[in-house]
Amino acid sequence: MDKYSLWSNELERIYEQYIDMVYRICYMLLMSCAEAEDAAQNVFIKLMNAKNKPTGEEHLKAWLIVSAKNECKNILKHWWRSKRVALEDIKEQGEYMKESENEVSRSVSQLPEKYRLPVYLYYYEGYSTDEIAKILDVNASTLRTRMVQARKMLKLILEKEGLGNV
Amino acid sequence: MYKDELIKYYNGIAPSDEQRERMLKGIKAASKKKTLNIKNISTITASAAACAAIVFAVSNYRITDNAQDLTPVIPTPAPTQNQDVHGFVIEESEDILPEITSHPVPTTKPFATAVPKATQKATSAPVKTSAPEMKYQIQSTSVPVQENIAAEVKEQKTEKSDAVEFNKKAITVTEAPVNDTVQADNEIDITDEIVPEAAMTVQTAVDEMYVEMNINHIEAALRSTSGGSGGGSSSAASYKAEKIGIDEFEESTGIKYSENLSVPSDLQNNTPHEMSGIANSWNYIYSSEDGERRMSALVSKFYIENINPENFMMSTFGDCEVLIKEENGVYSAVFNKNSISVRISARGITEDELKDFIVSAVLG
């Protein structure tokens with residue numbers, strides 16, 4: 001019996017519930033559909049193979065966030081990535097990106113990587129700065145500073161693009 | 001505010017049904033993968049080794065007209081530039097690299113493990129008169145970069161009573177390979193872009209720290225593109241900034257250049273390395289308006305492998321080892337990260353603030 005069938009029901013529930021979140025994080029950090037797909041898939045494979053599985057829903061969610069971040073970091077620092085140009089950079093993005101392509105999406109993509117995840121967790125997932133600091137294992141004051149910097153940058157980028165009212 | 005827009009944007013990022021299905025299939029497939037038996041690995045390794053031996057043997061035998069005469073052809077290594085045609089090593093004269101032959105390179109543990117990546121690659125480069133990897137001690141005056149260090153050591157000797165102790169300091173500096181030929185042959189991906197990129201990481205971390213410290217005055221940020229001739233840090237630094245052109249400097253760093261550029265002597269003396277005039281380096285100097293709290297961060301392509309670890313405390317941040325020391329309220333910290341070295345000197349800050357900064361700079 002393989003690992004999947006041992007844990008299939010539970011894993012499928014987790015997959016259905018969290019795939020969007022994991023994919024979003026991966027996409028935001030990698031800015032590439034194909035790589036985000038690979039990374040998100042790897043996160044769930046890691047979960048399946050993990051010896052110490054996260055206990056409780058909150059722990060599981062935090063585990064998935066951190067694993068997604070680490071997976072993306074590994075991909076980002078891989079030599080392969082530095083030696084090539086993503087197809088998405090040349091061609092246009094996927095279908096959903098066309099719909100959501102607006103000033104905000106462009107400005108978020110211009111934020112440095114380390115700001116993207118805190119902004120997402122704060123505004124979308126509704127975590128507090130203390131909770132984000134704990135999840136990402138950074139000093140709370142450092143994280144608050146990053147948030148301030150991120151907001152400043154977003155404002156600057158949006159103002160530059162003619163959306164001064166932010 | 002743009003919160004609603006942000007949420008709309010995040011909602012827009014979601015895998016399509018096809019992608020979901022594909023990922024789930026991948027997960028299921030991964031669960032069925034069988035691990036390779038260790039016995040199989042040894043068998044495969046043995047087979048591969050046997051094949052390699054056969055190929056090597058065949059390629060080194062030449063079949064002549066006489067079937068009996070299977071003469072092994074032993075390849076003769078081409079003489080390197082240090083050898084004559086007979087393979088005898090030509091000794092280099094002492095005035096070229098006196099320190100290498102007269103002083104042993106210290107063998108204490110290098111403090112960072114990530115750095116030798118480029119160095120290891122460089123060692124496989126073809127032998128040239130200017131070898132890509134050079135190790136030498138700080139007393140050497142044969143290489144331009146070393147002139148600065150040597151100058152600093154001489155100053156220390158005359159000014160301080162503990163000159164003997166300082167002289168014991170053995171700093172091994174490994175020059176990052178920048179030779180075009182070496183890059184082409186060995187795919188060394190160290191380019192000039194690395195330094196600014198790394199410098200930006202450090203700069204961001206420094207910026208954050210200064211936001212927290214409520215220091216809003218940035219005194220200067222410098223970029224040195226070539227080795228300086230030594231001398232006072234202040235003048236050398238100004239010269240570098242002016243040399244590249246203030247406009248270019250401001251454009252490339254995003255920081256306004258200040259004419260009143262100065263590096264306090266206590267910072268200079270406590271930095272473990274010369275603060276300016278190092279080739280391919282970026283130097284950021286920050287200060288509060290009253291000058292009470294100051295900090296400099298020097299980012300360069302020179303890896304410091306060993307800086308008198310006796311005087312420094314080693315702390316580990318993630319997988320990066322950082323050397324820190326405190327002397328008369330001035331903190332010095334050194335670490336290697338992503339093929340560059342970062343040297344920090346700060347005054348008027350607490351140890352916690354320094355560590356917070358290092359965490360940001362190291363772990364991003």
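Values reported hereafter were calculated over all heavy atoms of this structure, with side chains retained and with hydrogens, waters and symmetry mates removed. Each chain gets a letter, A, B and so on, in the order its sequence line appears, and its residues count up from 1.
Figure legend: cation-pi geometry between A:R13 and A:Y18 absent, as NZ or CZ is not positioned both under 6.0 Å from the six-membered ring centre and within 45° of its axis.
The choice from A:V138, A:I19, A:D20 that makes the most heavy-atom pairs within less than 4.5 Å of chain B is A:D20. For chain B, the option among A:E16, A:M21, A:E37 with the highest count of heavy-atom pairs below 4.5 Å is A:E37.
Residue contact with chain B, scored on non-hydrogen atoms closer than 4.5 Å, involves the side chain of A:M28 exclusively. Proximity to chain B involves both the backbone and the side chain of A:Y120, based on heavy atoms less than 4.5 angstrom apart. Contact of A:V119 with chain B is made through backbone and side chain together, with heavy-atom distances under 4.5 Å.
A donor-acceptor pair under 3.5 Å is absent between the side-chain atoms of A:R24 and the main chain of B:A14, judged by distance alone.
Atom OH of A:Y115 and atom NZ of A:K152 lie 9.5 Å apart (nearest 0.5 Å). Put simply, CG on A:L143 and CD1 on A:I135 are 10.0 Å apart, with the number rounded to the nearest 0.5 Å.
Between A:D130 and A:R144, at least one side-chain N (NZ, or NE/NH1/NH2) sits under 4.0 Å from a carboxylate O, which counts as a salt bridge.
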